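These numbers come from the heavy atoms of this one structure, side chains and all, not from hydrogens, waters or symmetry mates. Residue numbering restarts at 1 for every chain, and letters A, B, ... go by the order of the sequence lines. Fair warning: this is a prediction, and the values are worked out from it, not measured in the lab.
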Number of protein chains: 2
Amino acid sequence: MAKRGPYGKGIERRQQILDGALRTIAERGFHATSLAELADAVGLSQSGLLHYFGSKEQLFIAVLRRRDELDLAAMGEPSPESLIALIRRNTEVPGLIELFTHMQAAAADPRHPAHEYMREHYERGTEGFARLLRGMQENGSLPAHVDPVAMATAFIALTDGLQSRWLIDPALDMTAHLELCWERFTARPWMRPGHETR
Amino acid sequence: MAKRGPYGKGIERRQQILDGALRTIAERGFHATSLAELADAVGLSQSGLLHYFGSKEQLFIAVLRRRDELDLAAMGEPSPESLIALIRRNTEVPGLIELFTHMQAAAADPRHPAHEYMREHYERGTEGFARLLRGMQENGSLPAHVDPVAMATAFIALTDGLQSRWLIDPALDMTAHLELCWERFTARPWMRPGHETR
DNA sequence: GTCTATATCTGGATAGAC
DNA sequence: GTCTATCCAGATATAGAC
């Protein structure tokens with residue numbers, strides 16, 4: 001697996017560090033996570049970390065990218081169920097959600113390094129979700145009238161919003177709300193003849 | 001309007017400062033907004049500000065509370081339309097949305113001063129929205145089957161998520177998505193007999 | 001009540017040895 | 001590639017005069 005040649009070792013090590021950071025942030029939360037603590041956790045000095053990632057922000061972004069990879073791999077065959085299961089699993093790693101939320105806020109500044117990442121993240125996510133929806137429409141398990149991109153956008157926004165709120169109020173049942181909304185979104189819009197909507 | 005007695009002046013001044021900060025953050029954005037800049041903008045020294053608000057976080061929270069007040073007042077009679085109009089108006093003050101998003105992220109830490117504010121904010125918001133929905137059910141403009149609290153929760157989460165994303169990608173048409181979702185949520189669920197949902 | 005000046009502190013980044 | 005040591009910037013918070 002390790003690439004041969006001059007950069008093999010570094011890349012491998014980088015991966016290890018990333019996974020260590022991922023675990024640490026997941027467990028201990030994002031707040032009170034300075035470079036020093038992160039370095040400690042992976043058994044490296046502060047500058048050791050910086051040697052690999054240049055800056056704190058870039059390290060965080062790398063962590064986020066890595067998580068995206070892992071999530072994608074863990075999901076396997078995309079389906080509404082596997083997506084909701086993913087959200088449910090995220091419940092076990094609040095620190096990562098916290099990290100994401102902070103980076104999301106920071107990314108509002110176009111000059112912030114997370115800006116680019118977030119744009120990609122959303123583009124990939126929306127596209128992937130929309131593809132799933134299109135597939136469902138083709139095999140008839142989703143009504144043809146829904147616009148896949150609009151629905152994907154809304155669902156991702158809903159998920160983000162629920163996660164942010166859940167961090168503040170862990171009693172919130174995210175999956176219940178997601179399932180309810182999914183059902184409402186996919187319901188066939190046919191009315192009984194003679195009834196107006198309002 | 002100014003209260004008489006020893007605290008009248010202070011309270012009044014506090015209000016002025018708050019409105020100044022509100023305007024400043026709205027215009028210039030949240031990033032690159034330090035205490036010093038805020039103090040400058042309202043024609044006060046850094047410690048002048050702190051005299052009134054104790055700390056930066058508390059000032060920010062006061063700003064957020066103030067905005068909640070103004071929003072509530074500006075909305076007048078609550079209705080789906082006025083809510084969506086509010087979101088549309090928010091488009092003109094991205095800095096305030098940015099502030100909210102940052103505080104939302106920070107509030108994940110229960111020890112952070114914004115934690116308490118956010119809990120209240122969501123409780124008030126959900127309750128108010130649910131009350132509106134209940135009213136609509138009573139006068140028949142909303143189907144009786146929807147659970148007002150669940151729908152309010154979902155809608156607020158959706159709004160938050162759309163706003164966070166809009167900061168990153170201002171091309172996103174928030175109101176269009178909200179209107180679409182509103183329509184999907186309130187659609188009557190009756191199916192044509194003989195059709196399964198999936 | 002408001003200002004000036006300053007203390008303090010946190011944490012990210014850098015230089016250079018090994 | 002990794003560490004130690006140091007630096008430095010930025011920002012908050014405080015002390016005390018006016």
Side-chain angles (χ1 to χ4, degrees), chain A residues 2-21 24-25 28-64 95 98-99 102-103 105-106 109 111-114, chain B residues 2-21 24-25 28-63 98-99 102-103 105-106 109 111-114:
Chain A
K3 223 202 291 192
R4 288 300 158 144
Y7 300 114
K9 174 90 180 302
I11 291 174
E12 204 177 337
R13 186 84 180 93
R14 203 182 134 101
Q15 204 67 243
Q16 289 172 7
I17 295 172
L18 226 37
D19 286 333
T24 309
I25 297 175
R28 318 211 350 205
F30 169 79
H31 55 266
T33 298
S34 60
L35 267 188
E37 305 214 34
L38 241 19
D40 255 29
V42 297
L44 217 63
S45 74
Q46 190 173 322
S47 359
L49 265 191
L50 257 19
H51 171 74
Y52 287 98
F53 295 97
S55 81
K56 188 196 182 190
E57 306 296 342
Q58 279 167 32
L59 166 59
F60 282 151
I61 294 168
V63 166
L64 250 21
E98 210 186 337
L99 170 63
H102 274 276
M103 287 298 115
D109 181 353
R111 287 160 312 184
H112 192 286
Chain B
K3 225 203 292 194
R4 289 299 157 146
Y7 300 113
K9 171 92 181 301
I11 290 176
E12 203 178 337
R13 187 83 179 91
R14 204 182 133 99
Q15 203 67 242
Q16 289 172 5
I17 295 171
L18 227 36
D19 286 333
T24 309
I25 297 174
R28 315 212 349 204
F30 168 80
H31 54 267
T33 296
S34 61
L35 267 188
E37 305 214 34
L38 242 17
D40 255 30
V42 296
L44 215 63
S45 76
Q46 191 172 320
S47 0
L49 263 192
L50 256 21
H51 171 72
Y52 288 97
F53 296 96
S55 81
K56 188 194 182 190
E57 306 297 340
Q58 279 167 33
L59 167 59
F60 281 151
I61 294 168
V63 167
E98 208 186 339
L99 170 63
H102 274 275
M103 288 297 115
D109 180 353
R111 289 161 311 185
H112 192 285

Under 4.5 Å between any side-chain heavy atoms of A:H31 and B:R111, yes or no?
yes
What's the closest nucleotide to the side chain of B:L50 if the choices are C:dG11, D:dA13, D:dT4?
D:dA13
Nearest-Å distance for atom pair NZ/C1', residues A:K56 and C:dT10
10 Å
A:E37 CD to C:dG12 C1', in whole Å, measures 14 Å
Taking the side chain as C-beta and beyond, is there a heavy-atom pair between B:R14 and B:F53 under 4.5 Å?
yes
Output the rounded distance in Å from CZ (B:R14) to C1' (C:dG1).
15 Å
What about A:Q46, does its side chain sit under 3.5 Å from the base of C:dG12 through a donor-acceptor pair?
yes
Nearest-Å distance for atom pair NE2/C1', residues B:H31 and D:dA11
17 Å
Confirm from the modelled atom types if B:S47 and C:dT4 form a donor-acceptor pair under 3.5 Å, side chain to base only.
yes
Check every strand shown and say whether A:L35 touches a base, only sugar-phosphate, or nothing at a heavy-atom separation below 4.0 Å.
sugar-phosphate
Atom-pair distance (NE2 on B:H51; P on D:dA15), nearest Å
15 Å
Close side-chain approach of B:L50 to B:L59, heavy-atom, < 4.5 Å
no
Atom pair distance, as rounded to whole Å: CD in B:Q15 and C1' in C:dG1:
18 Å
So how far is it from B:S55 OG to B:I61 CD1, rounded to the nearest 0.5 Å?
7.0 Å
